[in-house]
Amino acid sequence: MQLDLNLLTALDALLEEGSVAGAAARLHVTAPAMSRSLGRIRKATGDQILVRTGRSMVPTTRALAMRAQVHALVQQAHHLLSAQQELDLAALERVFTVRWHDALTTACGTALIAAVHRQAPGVQLRMPAEPGTDTPELRRGEVDLESSSSRSTLPDVRHRLVGSDRLVVAVRPGHPLTEGPLSIERYAAAEHLTVSRRGRLHDPIDDALTAHGHERRVVAAGPTTTFALQLALGTDLVVTLPDAVTRATRDRLGLVTLPLPLQSPDIPLYLLWHQRYDDDRAHIWLRDLATETVQALFTPPPASGRPTPPPAHRP
């Protein structure tokens, strides 16, 4: 059955005005045109909708029963097809799925959840772990916002550069590498741990070492940065990770941070989303808030935690 949804607007006007002439004036059409619409509505519903009583028309029992629902449907249609209204965060109710690298979630997931809840209490945030393989959930609309160290090559996936990180070396206090300058030879001779959700024992560090004529021994691959850092704390294994996104965890565990004795390009950090959300005001708010939260990681810490003393009083 093919439905003419314009009949809903006509039906809403007829039920609100209670007459063909009134409904025609409301919708700026002629009375004969509205009368024809009433005829089509009667045929579609199998009900008279309006019946004449003396000089006036009154709605049938079915028309009275459907009046509120018809009006609500027409209002919803106008809302869907009209320009977006200002975003009311206090009234916003929505579930967002943000899938970030585990180090980024650990570093600023708490701050993001707190900011979202403070500004929009009706919003729920899901932050699932990254899968072991690349998946199409972003394109299917199952994930709203992703993190990545590379921009997407897909034409329908947007990206935003939110910062760049550098690699550092983390070891336990008292580790042999903390004694004296860390040379490339000493670094390569140590036993190492990689971080890989796929369990890879080889990463770009190995390629950089090979270019310098060195090779390292990777003992294990850890699934998350938190696991890798905890393992480094309890062993002599060396772990090489991005600085800013792991700084808080390293500091909490009391690990020693050393400079990487290799020239290594900075690691970009992107936020990714599907183009369907380009003009979605709630999504714009979320990704702007996420950008602000992540960029705080890359703000250099103050040179000293002590307040600047006031100038001495001179008589």
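What's counted below: heavy atoms across the whole structure, side chains too, no hydrogens, waters or symmetry copies.
A salt bridge does not link R67 with E16: none of the charged nitrogens is closer than 4.0 Å to a carboxylate oxygen. Looking at R42 and D47, no side-chain N of the basic residue comes within less than 4.0 Å of a carboxylate O on the acidic one, giving no salt bridge. Under a 4.0 Å N-O distance rule, the pair R287/D280 does not qualify as a salt bridge. Ion pairing of D243 with R250 is present here, as a side-chain N (NZ or NE/NH1/NH2) and a carboxylate O approach within less than 4.0 Å.
A donor-acceptor distance shorter than 3.5 angstrom exists from the side chain of H274 to the backbone of R276, with no hydrogens or angles considered. Between the side chain of R26 and the backbone N or O of L14, no donor-acceptor pair lies under 3.5 Å. Within the 3.5 Å criterion, the main-chain N or O of G46 finds no donor-acceptor partner in the side chain of R62. In this structure, T53 contributes its side chain and S56 its backbone to no donor-acceptor pair below 3.5 Å. In this structure, the side chain of S147 engages the main chain of H101 through a donor-acceptor pair within 3.5 Å. When atom types are taken as modelled, the side chain of T246 and the backbone of P242 share a donor-acceptor pair closer than 3.5 angstrom. A donor-acceptor pair is defined here as one N or O able to donate and one able to accept, closer than 3.5 Å; no such pair exists between the side chain of D144 and the backbone of V98. A donor-acceptor pair under 3.5 Å links the side-chain atoms of R186 to the main chain of P181, judged by distance alone. No donor-acceptor pair under 3.5 Å is formed between the side chain of H28 and the backbone N or O of A24.
Annotation: side chain of L297 is not in contact with side chain of D165 (no heavy-atom distance under 4.5 Å). No side-chain heavy atom of S19 sits less than 4.5 Å from a side-chain heavy atom of L50. The shortest side-chain heavy-atom distance between E191 and T235 does not fall under the 4.5 Å cut-off. Residues M57 and V51 form no side-chain contact, since every pair of their non-hydrogen atoms from C-beta on lies 4.5 Å or further apart. Considering only heavy atoms from C-beta on, L138 stays 4.5 Å or farther from L145 through its side chain. Put simply, the side chain of M34 does not reach to within 4.5 Å of the side chain of L38, judged on heavy atoms. Taking 4.5 Å as the limit, some side-chain heavy atom of L15 sits within range of a side-chain heavy atom of L11. For the pair L269 and L161, the minimum side-chain heavy-atom distance is 4.5 Å or more.
Put simply, CG on L125 and CZ on F96 are 8.5 Å apart, with the number rounded to the nearest 0.5 Å. Note that CZ of F298 is 9.0 Å distant from CZ of R247, once rounded to the nearest 0.5 Å. Taken to the nearest 0.5 Å, the CD atom of Q295 stands 8.5 Å off from the CG atom of L271. The distance from the OG1 atom of T97 to the CE atom of M127 is 10.5 Å, given to the nearest 0.5 Å. The distance from the OG1 atom of T291 to the CG atom of L112 is 10.0 Å, given to the nearest 0.5 Å. Considering CZ of R40 and OG1 of T45, their distance stands at 12.5 Å, rounded to 0.5 Å.
Summarising the hydrophobic clusters (Ile, Leu, Val, Met, Phe, Trp, Tyr; side-chain heavy atoms under 4.5 Å, direct or chained), the residues clustered with L258 are L167, V169, V171, L177, L182, I184, Y187, I205, L209, V238, V256, L260, L262, I267.
Within a 6.0 Å radius of CD in E185, more than 12 heavy atoms belonging to other residues, nucleotides or ligands are found. Within a 6.0 Å radius of NE2 in H202, other residues, nucleotides and ligands contribute more than 12 heavy atoms. More than 12 heavy-atom neighbours from other residues, nucleotides or ligands sit within 6.0 angstrom of CZ on R94.
One hydrophobic cluster, built from ILVMFWY side chains closer than 4.5 Å, cannot hold both V294 and I284; they sit in different ones. Under the 4.5 Å side-chain heavy-atom criterion for grouping Ile, Leu, Val, Met, Phe, Trp and Tyr, L229 is not connected to V245 through any hydrophobic cluster. In terms of hydrophobic clustering, with Ile, Leu, Val, Met, Phe, Trp and Tyr side chains grouped at heavy-atom distances under 4.5 Å, V195 and V218 are assigned to different clusters. L154 and V143 fall within a single hydrophobic cluster, where Ile, Leu, Val, Met, Phe, Trp and Tyr side chains are chained together by heavy-atom contacts under 4.5 Å. Connection of L193 to V168 is not established within any shared hydrophobic cluster, with ILVMFWY side chains joined at heavy-atom distances below 4.5 Å, either directly or through further cluster members.
Side chains of T194 and D203: a donor-acceptor N/O pair is absent below 3.5 angstrom, by distance only.
Residues passing the side chain to side chain contact (heavy atoms under 4.5 Å, CB included) test with T226, sequence neighbours excluded: T106, T224, Q230. Looking at residues two or more places apart in sequence or on another chain, you find a salt bridge (charged side-chain N to carboxylate O under 4.0 Å, His left out) between R172 and D236. Checked against salt bridge (charged side-chain N to carboxylate O under 4.0 Å, His left out), D207 has no partners two or more places apart in sequence or in another chain. Remark: R200 engages no residue in a salt bridge (charged side-chain N to carboxylate O under 4.0 Å, His left out) (not counting sequence neighbours).
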Stepwise side-chain contact (heavy atoms from CB on, under 4.5 Å) test for W100 and C108 = CA-CA 10 Å; W100 283 352; C108 57; 3.8 Å; yes
Do D288 and R160 pass the salt bridge (Lys or Arg N to Asp or Glu O under 4.0 Å) test, and can you show the C-alpha distance, the side-chain angles, and the key distance before you say yes or no?
-> CA-CA 10 Å; D288 286 347; R160 174 187 291 175; 3.1 Å; yes
Verdict with reasoning, H192 to R217, per side-chain contact (heavy atoms from CB on, under 4.5 Å) | CA-CA 6 Å; H192 294 260; R217 179 168 182 261; 6.0 Å; no
Which is it for V239 and T225 under the side-chain contact (heavy atoms from CB on, under 4.5 Å) test, yes or no, and what are the steps along the way?
-> CA-CA 9 Å; V239 60; T225 54; over 6 Å; no
Verdict with supporting geometry, R281 and E86, side-chain contact (heavy atoms from CB on, under 4.5 Å) | CA-CA 8 Å; R281 295 197 179 191; E86 288 298 320; 3.5 Å; yes
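Here the shortest heavy-atom pairing between A10 and L27 reads CA-CD1, 3.9 Å. Closest heavy-atom contact between A232 and A170: CB-O, 4.4 Å. Across V157 and S152, no two heavy atoms sit closer than the pair CB-OG, 3.5 Å. A pairwise comparison of heavy atoms in I49 and I41 identifies CG1-CG2, 3.9 Å as the closest pair. Annotation for L64 and P59: closest pair CD2-CG, 3.5 Å, computed over non-hydrogen atoms. Residue W285 comes nearest to L87 through the heavy atom pair CB-CD2, 3.8 Å, listed as atom of the first residue, atom of the second, then distance.
Sorted by first then second residue, the salt bridge (Lys or Arg N to Asp or Glu O under 4.0 Å) pairs that include residues 147-156, not counting sequence neighbours, are R139-D156.
Aromatic ring pairs are classed by plane angle as parallel below 30°, tilted from 30° to 60° and perpendicular above 60°; the pair W273 and H283 is tilted.
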